[in-house]
Trainee: 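Input: one structure, supplied below.
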Amino acid sequence: MLFNSAAFLWLFLPVVLLVHTPLIRFSVRLANLFLLIASLLFYIWGSGALVVLLGVSVLIDHFAASTAFRGRQRNNQKMVRSAVFVSAMANVGLLGWFKYAGFLGRTIDSIAEAFGMGSIAVPSVVLPIGISFFTFQSMSYTFDVANGKIEPFRDPLRLLLYVSLFPQLIAGPIVRASDIAEELRHRQVGIDRIGNGFSRFSWGLAKKVLIADSVAPLVDASFGADPSTLGAWIAALSYAVQIYFDFSGYSDMAIGLGMMLGFTFPENFRRPYAAMTVTDFWRRWHITLSSWFRDYLYIPAGGNRGGPRKTMRNLLLVFFVTGLWHGAAWTFVVWGLWHGSALLIERSFGITAETQRPLLRLWTAVIVLGGWVLFRSPDMGVATSMLRAMVLPTGGLRAEVLDAMTPLTVTALIGGLALAAMPERIRPIDLLTDPRVAGGAVRFTLYFFALPLVALRVVAATFSPFLYFQF
């Protein structure tokens with residue numbers, strides 16, 4: 001079920017709010033039970049029986065975290081490490097099979113054919129929606145219990161609710177148990193919180209439907225056409241707009257939904273295209289994933305302790321895994337290493353966001369846009385051709401790209417670039433709750449202009465799935 005679908009907007013969400021809001025005033029326990037049922041139905045709607053995998057992940061981590069907690073109480077580090085190992089192997093094993101078995105099979109098959117060894121059978125596996133997110137959340141719960149950051153949930157249903165909570169289940173933000181543990185026990189929902197949550201949700205919905213979905217045909221045409229210099233740059237710029245407004249729009253919607261249900265989810269974006277350096281970009285883009293890898297991979301691997309060589313190794317390891325986490329293809333792996341290499345260059349030359357040199361913005365833009373070409377391309381052949389065309393002048397715009405440059409797509413591209421390139425201190429989203437005239441103007445524009453346009457698109461069924469659903 002999509003947040004931007006009629007079924008969600010006009011059936012599922014109203015029913016959830018109408019039942020949950022009065023129920024939570026009576027009993028948080030009953031409200032949690034209702035949210036658990038609603039969240040599981042939400043997931044079953046899109047994934048059917050694959051919801052069992054989510055349950056398996058949660059069950060494993062319930063027992064692993066409980067074991068780790070007992071190990072800490074007994075000061076038995078072997079017991080704690082064993083519990084962490086079981087959690088990591090089980091969740092990575094689930095993720096590895098369902099997400100990477102086909103990729104590994106195709107890679108081995110290609111190598112076998114290259115050496116004249118014939119072909120092998122490549123497994124065909126259905127990718128469960130949101131598996132990259134719910135396995136990471138479930139693992140982080142065990143890790144945090146093992147580290148003594150939180151105490152385990154006594155009730156496994158509470159853990160299941162934490163992992164399956166529908167606003168952030170499919171594409172984040174990656175919420176840690178410590179973020180909402182207290183709200184699972186005690187929370188309140190009032191008219192102000194519901195109103196602010198609705199504004200945030202509406203803001204994200206407008207970003208997704210009016211900008212990301214509108215520029216999508218230009219992205220598809222640009223990446224599908226024979227590369228030319230201008231076409232390649234249009235492809236990179238239009239995809240930069242699409243993926244940002246699509247994914248940050250989803251995060252806004254998730255945070256808004258969480259507010260309406262009494263939860264406070266962490267921010268996932270902080271004006272990433274205003275970053276001065278690539279390092280700064282990763283402090284602003286998909287913040288919850290970056291912090292997850294920092295806390296559970298980079299620091300345990302040694303972080304920046306142990307000298308420059310180990311730091312370089314750890315950074316490249318994190319970005320290799322970051323690329324692989326996003327998708328089972330070499331384009332994602334190279335994309336991760338592309339960004340990891342850029343961070344190493346900045347670290348080696350002592351480049352920081354405080355340097356404030358105009359050329360740094362150009363450097364960052366080139367790395368980010370070049371990275372989006374790798375990220376969006378269906379294979380390395382297309383990516384290489386696109387990157388080559390961006391550097392070596394070749395041809396004019398192809399007919400497919402010209403046909404896709406309609407008033408709607410061009411307006412969405414220019415408008416998206418303008419919004420993304422606004423000075424860092426200007427955050428329109430901050431005005432949503434501002435009681436002053438400027439805030440009222442933003443809310444008026446959102447409610448009386450943007451949302452009617454969104455409703456027309458939803459009725460016409462011209463919306464599309466969120467890009468991060470595939471990850």
Trainee: Which value, rounded to the nearest 0.5 Å, describes the distance between S291 atom OG and L289 atom CG?
Mentor: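 Spacing of OG (S291) from CG (L289) equals 8.0 Å.
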
Trainee: Report the residues that fulfil salt bridge (charged side-chain N to carboxylate O under 4.0 Å, His left out) with R158, sequence neighbours left out, ordered by chain and then residue number.
Mentor: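 Per chain and number, R158 pairs via salt bridge (charged side-chain N to carboxylate O under 4.0 Å, His left out) with no residue.
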
Trainee: Do R457 and S214 touch side chain to side chain, with heavy atoms closer than 4.5 Å?
Mentor: yes

Trainee: Does the pair D144/R176 count as a salt bridge with the N-to-O cut at 4.0 Å?
Mentor: no

Trainee: Between D280 and R271, is a salt bridge (charged side-chain N to carboxylate O under 4.0 Å, His left out) present by the stated rule, with each step listed?
Mentor: CA-CA 10 Å; D280 191 29; R271 300 299 306 281; over 6 Å; no

Trainee: I'd like to know if the side chain of Y141 and the backbone of V58 have a donor-acceptor N/O pair within less than 3.5 Å.
Mentor: no

Trainee: Applying side-chain hydrogen bond (donor to acceptor under 3.5 Å, both in side chains) to N32 and R185, what does each step give before you reach the verdict?
Mentor: CA-CA 9 Å; N32 284 349; R185 298 185 183 95; over 6 Å; no

Trainee: Decide yes or no for V373 and W335: does some side-chain heavy atom of the first lie under 4.5 Å from some side-chain heavy atom of the second?
Mentor: no

Trainee: Check step by step if side chain to side chain contact (heavy atoms under 4.5 Å, CB included) holds for V458 and L205.
Mentor: CA-CA 11 Å; V458 171; L205 181 63; 5.6 Å; no

Trainee: Do F198 and S202 pass the side chain to side chain contact (heavy atoms under 4.5 Å, CB included) test, and can you show the C-alpha distance, the side-chain angles, and the key distance before you say yes or no?
Mentor: CA-CA 6 Å; F198 178 75; S202 301; 3.5 Å; yes

Trainee: May I have the step-by-step check of ring pair (Phe, Tyr, Trp, His ring centres under 6.0 Å) for F319 and F293, ending in yes or no?
Mentor: CA-CA 9 Å; F319 277 91; F293 278 124; 8.6 Å; no

Trainee: For the residue pair L50 and L53, establish whether any side-chain heavy-atom pair is separated by less than 4.5 Å.
Mentor: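 The answer is yes; the side chains approach within 4.5 Å.
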
Trainee: Determine whether F34 and V16 make a side-chain contact, defined as any pair of heavy atoms from C-beta on separated by less than 4.5 Å.
Mentor: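 Yes, side chains in contact.
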
Trainee: Take atom OH of Y447 as the centre, draw a 6.0 Å sphere, and report whether it contains more than 12 heavy atoms from other residues, nucleotides or ligands.
Mentor: yes

Trainee: With a cut-off of 6.0 Å (strictly less than), are more than 12 heavy atoms of other residues, nucleotides or ligands near CZ of R313?
Mentor: yes

Trainee: Taking the side chain as every heavy atom from C-beta outward, state whether I194 and M259 have any pair of such atoms under 4.5 Å apart.
Mentor: no

Trainee: Between W372 and F375, does the ring pair (Phe, Tyr, Trp, His ring centres under 6.0 Å) criterion hold? Intermediate values first, please.
Mentor: CA-CA 5 Å; W372 288 142; F375 195 91; 5.4 Å; yes

Trainee: What distance do M260 atom CE and I255 atom CD1 have between them, rounded to the nearest 0.5 Å?
Mentor: 12.0 Å

Trainee: Is it the case that the side chain of N314 and the backbone of G303 share a donor-acceptor pair, with hydrogens and angles ignored and the cut-off at 3.5 Å?
Mentor: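 Looks like yes, one N/O pair under 3.5 Å.
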
Trainee: Quick check against the 3.5 Å criterion: does E346 have a side-chain atom that pairs as donor or acceptor with the backbone of V278?
Mentor: yes

Trainee: For a 4.5 angstrom cut-off between non-hydrogen side-chain atoms, does F133 reach I170?
Mentor: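 Result no, sub-4.5 Å side-chain heavy-atom pair not found.
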
Trainee: Evaluate the ring planes of W325 and F136, with Trp represented by its six-membered ring, and classify them as parallel (under 30°), tilted (30 to 60°) or perpendicular (over 60°).
Mentor: tilted

Trainee: For residues 71-79, which side-chain donor-acceptor pairs fall under 3.5 Å, sequence neighbours excluded?
Mentor:
from : atom 1 : to   : atom 2 : distance (Å)
R72  : NH1    : A146 : O      : 3.1
N76  : OD1    : K78  : N      : 3.2
N76  : OD1    : M79  : N      : 3.0

Trainee: Going through the distances and angles, do T135 and N91 end up as a side-chain hydrogen bond (donor to acceptor under 3.5 Å, both in side chains)?
Mentor: CA-CA 6 Å; T135 51; N91 283 287; 5.3 Å; no

Trainee: Evaluate the side chain to side chain contact (heavy atoms under 4.5 Å, CB included) criterion for residues L184 and F263: first the C-alpha distance (whole Å), next the side-chain angles of each, then the deciding distance (0.1 Å), finally the verdict.
Mentor: CA-CA 8 Å; L184 286 170; F263 296 100; 3.8 Å; yes

Trainee: Are any non-hydrogen side-chain atoms of D155 and R29 less than 4.5 angstrom apart?
Mentor: yes

Trainee: I need the minimum non-hydrogen distance between I131 and F134, along with the two atoms involved.
Mentor: CA-CE2, 3.4 Å

Trainee: Check for a donor-acceptor pair, side chain of T364 on one end and backbone N or O of M276 on the other, with a separation under 3.5 Å.
Mentor: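 Pair found, side chain donor or acceptor close to backbone of M276.
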
Trainee: Identify the two heavy atoms, one from L324 and one from V333, that lie closest to each other, and give their separation to 0.1 Å.
Mentor: CD1-CG2, 3.7 Å

Trainee: Determine whether more than 12 heavy atoms belonging to other residues, nucleotides or ligands lie under 6.0 Å from atom CD of E267.
Mentor: yes

Trainee: Looking at OH of Y250 and CG of L257, how far apart are the two atoms once the value is rounded to the nearest 0.5 Å?
Mentor: 8.5 Å

Trainee: Kindly list each side-chain donor-acceptor pair under 3.5 angstrom involving residues 7-14, sequence neighbours excluded, with atom names and distances?
Mentor:
none

Trainee: Side chain of N268, backbone of I287: donor and acceptor closer than 3.5 Å?
Mentor: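 Yes: the side chain of N268 pairs with the backbone of I287.
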
Trainee: What salt bridge (Lys or Arg N to Asp or Glu O under 4.0 Å) pairs are there with at least one residue in residues 251-262, not counting sequence neighbours?
Mentor: R200-D252, K207-D252

Trainee: One pair to check against side-chain hydrogen bond (donor to acceptor under 3.5 Å, both in side chains): R347 and T352. What are the steps and the verdict?
Mentor: CA-CA 8 Å; R347 181 179 287 267; T352 66; over 6 Å; no

Trainee: Hey, could you give me the CD/OG distance between E151 and S66, rounded to the nearest 0.5 Å?
Mentor: 11.5 Å

Trainee: For F332 and H326, take the angle between the two ring planes, folded into 0 to 90°, and tell me which bin it lands in: parallel under 30, tilted 30 to 60, perpendicular over 60.
Mentor: parallel

Trainee: Any side-chain heavy atom of H20 within less than 4.5 Å of one from I24?
Mentor: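 The answer is yes, as the side chains (C-beta and beyond) meet within the 4.5 Å cut-off.
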
Trainee: In terms of ring plane angle, is the pair F143 and Y296 parallel, tilted or perpendicular, where the classes change at 30° and 60°?
Mentor: tilted

Trainee: Just jot down the ring pair (Phe, Tyr, Trp, His ring centres under 6.0 Å) partners of Y273, sequence neighbours excluded, or say none.
Mentor: Y244

Trainee: Between CD1 of I211 and OG1 of T411, what distance do you get to the nearest 0.5 Å?
Mentor: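 Going from CD1 on I211 over to OG1 on T411, the span is 11.0 Å.
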
Trainee: Apply side-chain hydrogen bond (donor to acceptor under 3.5 Å, both in side chains) to T406 and T409, showing your working.
Mentor: CA-CA 5 Å; T406 64; T409 59; 3.3 Å; yes

Trainee: Can you list everything that forms a ring pair (Phe, Tyr, Trp, His ring centres under 6.0 Å) with F265? Sequence neighbours excluded, please.
Mentor: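 Residues passing ring pair (Phe, Tyr, Trp, His ring centres under 6.0 Å) with F265: none at all.
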
Trainee: List the atom of A342, the atom of I367, and the distance in Å for their closest heavy-atom pair.
Mentor: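 What the structure gives for the nearest pair is CB-CG2, 3.9 Å.
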
Trainee: Parallel under 30°, tilted from 30 to 60°, perpendicular over 60°: which one fits the rings of F201 and F3?
Mentor: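 The rings of F201 and F3 sit tilted, inter-plane angle from 30° to 60°.
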
Trainee: Return yes if some donor-acceptor pair links the side-chain N/O of S199 with the main-chain N/O of G195 below 3.5 Å, else return no.
Mentor: yes

Trainee: Test side chain to side chain contact (heavy atoms under 4.5 Å, CB included) on M139 and S87 and set out the steps.
Mentor: CA-CA 6 Å; M139 272 193 291; S87 172; 3.8 Å; yes

Trainee: If you round to the nearest 0.5 Å, how far is OG of S238 from CZ of R376?
Mentor: 9.0 Å

